[in-house]
Asks: 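What follows is a single structure, and I will ask about it in a moment.
Both counts, for ligands and for their atoms, begin at 1 and track the order of listing.
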Amino acid sequence: MIRSTAAQMAAKLASGETTSVTLTQAHLDRINSVEDKVHAFLFVDEKGALEQAASVDAKRAKGEKLSPLAGVPLALKDVLAQKNKPTTCGSKILEGWLPPYDSTVVANLKKNDIVILGKTNMDEFAMGSSTENSAYGPTHNPWDLSRIPGGSGGGSSAALASFEAPLAIGTDTGGSIRQPAAVTGTVGVKPTYGGVSRYGLVAFSSSLDQAGPCARTVLDTALLHEAIAGYDPKDATSINAPVPQVVQAAKDGNVKGMKIGVVKELNGDGYQPGVRARFEEALELLAKAGAEIVEVSTPNFEYALAAYYLIAPSEASSNLARFDAMRYGLRVGDVDGASAEAVMNLTREVGFGKEVKRRIILGTYALSSGYYDAYYGSAQKVRTLITQDFTQAFTKADVLVSPTCPTTAFKIGEKANDPLAMYLNDIATIPVNLAGIGGMSLPAGLADEDGLPVGFQIMSPVMKDERMYSVGAALEAALLSQWGAPLLDRAPALEAGK
Ligand code: GLN
């Protein structure tokens with residue numbers, strides 16, 4: 001049962017073939033048997049999940065009309081506030097903090113009766129591409145336990161790929177939903193900025209952060225997308241417009257007559273041969289399904305990485321100032337006579353990890369008087385140019401595509417001491433965040449040289465998220481008929497008897 005899709009699970013719940021308690025227990029059992037190898041979760045809420053499941057079952061028994069995913073379990077990235085449940089953002093500085101409120105995403109999950117299994121591991125404050133920056137130890141990629149599951153949302157992607165959960169929530173500031181999806185053979189979507197509320201999402205870079213759905217199929221992702229999306233007056237950047245009809249698009253999977261633009265700048269020599277090969281094959285399948293493939297050029301993308309690593313740290317340096325040893329979690333050195341400043345310094349010294357400190361220092365420098373125009377100011381100008389590149393490209397194509405990342409999953413430890421090499425992983429995902437548009441990654445197959453999953457990225461214009469679901473579903477169907485079984489069936493078993 002745990003290897004089914006969320007849509008299949010929902011159908012079995014609706015027909016009475018199973019109950020949410022049974023389904024939730026099956027996932028908790030799975031978590032118990034594989035977590036020592038995977039370490040996808042920071043907190044498993046066994047009691048809370050079973051209580052929630054029982055209440056959905058009771059509602060169903062009474063004949064209440066329930067939402068499409070009611071009773072299906074989900075893994076929640078630990079950057080979203082959930083009332084009275086540990087929310088650490090992968091950081092020691094938030095150890096022990098219990099949010100007094102639900103984020104809007106969590107409120108929407110509860111409203112839809114989606115069962116929250118627990119909180120997943122992540123790079124500290126979502127800064128990273130491997131989940132190695134978590135203060136609570138790395139998560140392992142179920143395809144190869146010596147490799148990274150992507151980041152920052154590696155806990156969520158690993159939970160999906162190891163069948164610990166059929167649904168997950170991620171957040172994507174520069175690629176943290178799409179890159180983990182790519183390297184674990186799962187599906188992840190960064191909705192249009194403003195499409196899903198950021199209220200209660202612990203801020204890393206407010207102008208880039210966006211929560212989104214993760215799952216093992218395009219349809220499951222769409223179902224979750226519609227459950228969490230929508231206007232929220234509590235988020236000033238929330239878009240007050242109808243939610244794109246992504247479920248219908250995923251069901252239709254129709255690309256006939258659609259123009260698909262291959263981004264020339266995101267498909268070059270720096271990409272692993274196996275990544276490029278799977279990407280080219282996917283394009284052929286889409287052409288066969290009736291799409292027209294065109295090439296587009298986005299000349300300013302070469303500056304995207306540099307701009308991102310000024311804008312994101314700048315916003316982070318400001319956002320993370322709130323962790324001052326007074327308001328949340330950890331407090332170190334609070335002895336008689338200690339000044340507030342000393343307590344703050346000591347707490348931040350002990351509570352923040354190396355990468356978070358690096359970003360705060362970078363961002364503070366970029367914003368400092370005398371350097372502001374040269375660094376932060378220039379980066380904002382580049383951001384505008386990149387948005388214009390997208391606007392131009394979308395006059396030639398309905399969606400844009402590229403490989404999601406240049407390589408397959410690398411080894412744990414391989415890039416841990418080389419921040420620049422780590423940052424380069426985001427080269428294909430970052431432009432989407434800078435422009436605030438939608439982006440999806442879905443599996444395109446395995447690279448010949450290492451047998452590891454390759455991600456295919458689809459980008460769609462602002463609030464036209466349904467387009468990436470049309471293309472994703474068409475590609476997924478074509479690949480599935482070629483493979484004969486889901487890609488994840490080829491991942492090694494984590495326990496005897498699968
Ligand atoms: N890897 C990128 C970074 O380290 C993106 C992270 C994210 O999307 N949260 O900033």
Asks: Check for me whether the distance between the ring centres of Tyr375 and Tyr309 falls short of 6.0 Å.
Replies: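 Judged by ring-centre distance (under 6.0 Å), Tyr375 and Tyr309 do not meet the cut-off.
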Asks: Excluding sequence neighbours, so at least two apart, what forms ring pair (Phe, Tyr, Trp, His ring centres under 6.0 Å) with Tyr193?
Replies: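 Not a single residue meets the ring pair (Phe, Tyr, Trp, His ring centres under 6.0 Å) criterion with Tyr193.
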Asks: For a quick test of your reading: what N or O donor-acceptor pairs under 3.5 Å do the side chains of residues 365-374 make, sequence neighbours left out?
Replies:
| from | atom 1 | to | atom 2 | distance (Å) |
| --- | --- | --- | --- | --- |
| Ser368 | OG | Tyr365 | O | 2.6 |

Asks: Please output the residues near ligand 1 using a strict heavy-atom distance under 4.0 Å, listed in chain and residue-number order.
Replies: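 Close residues (ligand 1, cut-off 4.0 Å): Ala126, Met127, Gly128, Ser129, Ser152, Asp172, Thr173, Gly174, Gly175, Ser176, Phe204, Tyr308, Tyr309, Arg359, Asp426.
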Asks: Would you call the rings of Phe390 and Phe301 parallel, tilted or perpendicular, where under 30° means parallel and over 60° means perpendicular?
Replies: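 It falls in the tilted class, 30° to 60°.
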Asks: Does any pair with a residue in residues 170-186 pass side-chain hydrogen bond (donor to acceptor under 3.5 Å, both in side chains), and if so which ones, sequence neighbours excluded?
Replies: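 Counting only pairs at least two positions apart or across chains, the side-chain hydrogen bond (donor to acceptor under 3.5 Å, both in side chains) contacts touching residues 170-186 are Lys77-Thr171, Ser152-Ser176, Asp172-Arg178, Asp172-Asn433, Thr173-Asp209, Arg178-Asn433, Arg178-Gln457, Gln179-Asn425, Thr184-Thr186.
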Asks: Between Phe323 and Phe352, what is the ring plane arrangement, given parallel below 30°, perpendicular above 60°, and tilted in between?
Replies: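 It falls in the perpendicular class, over 60°.
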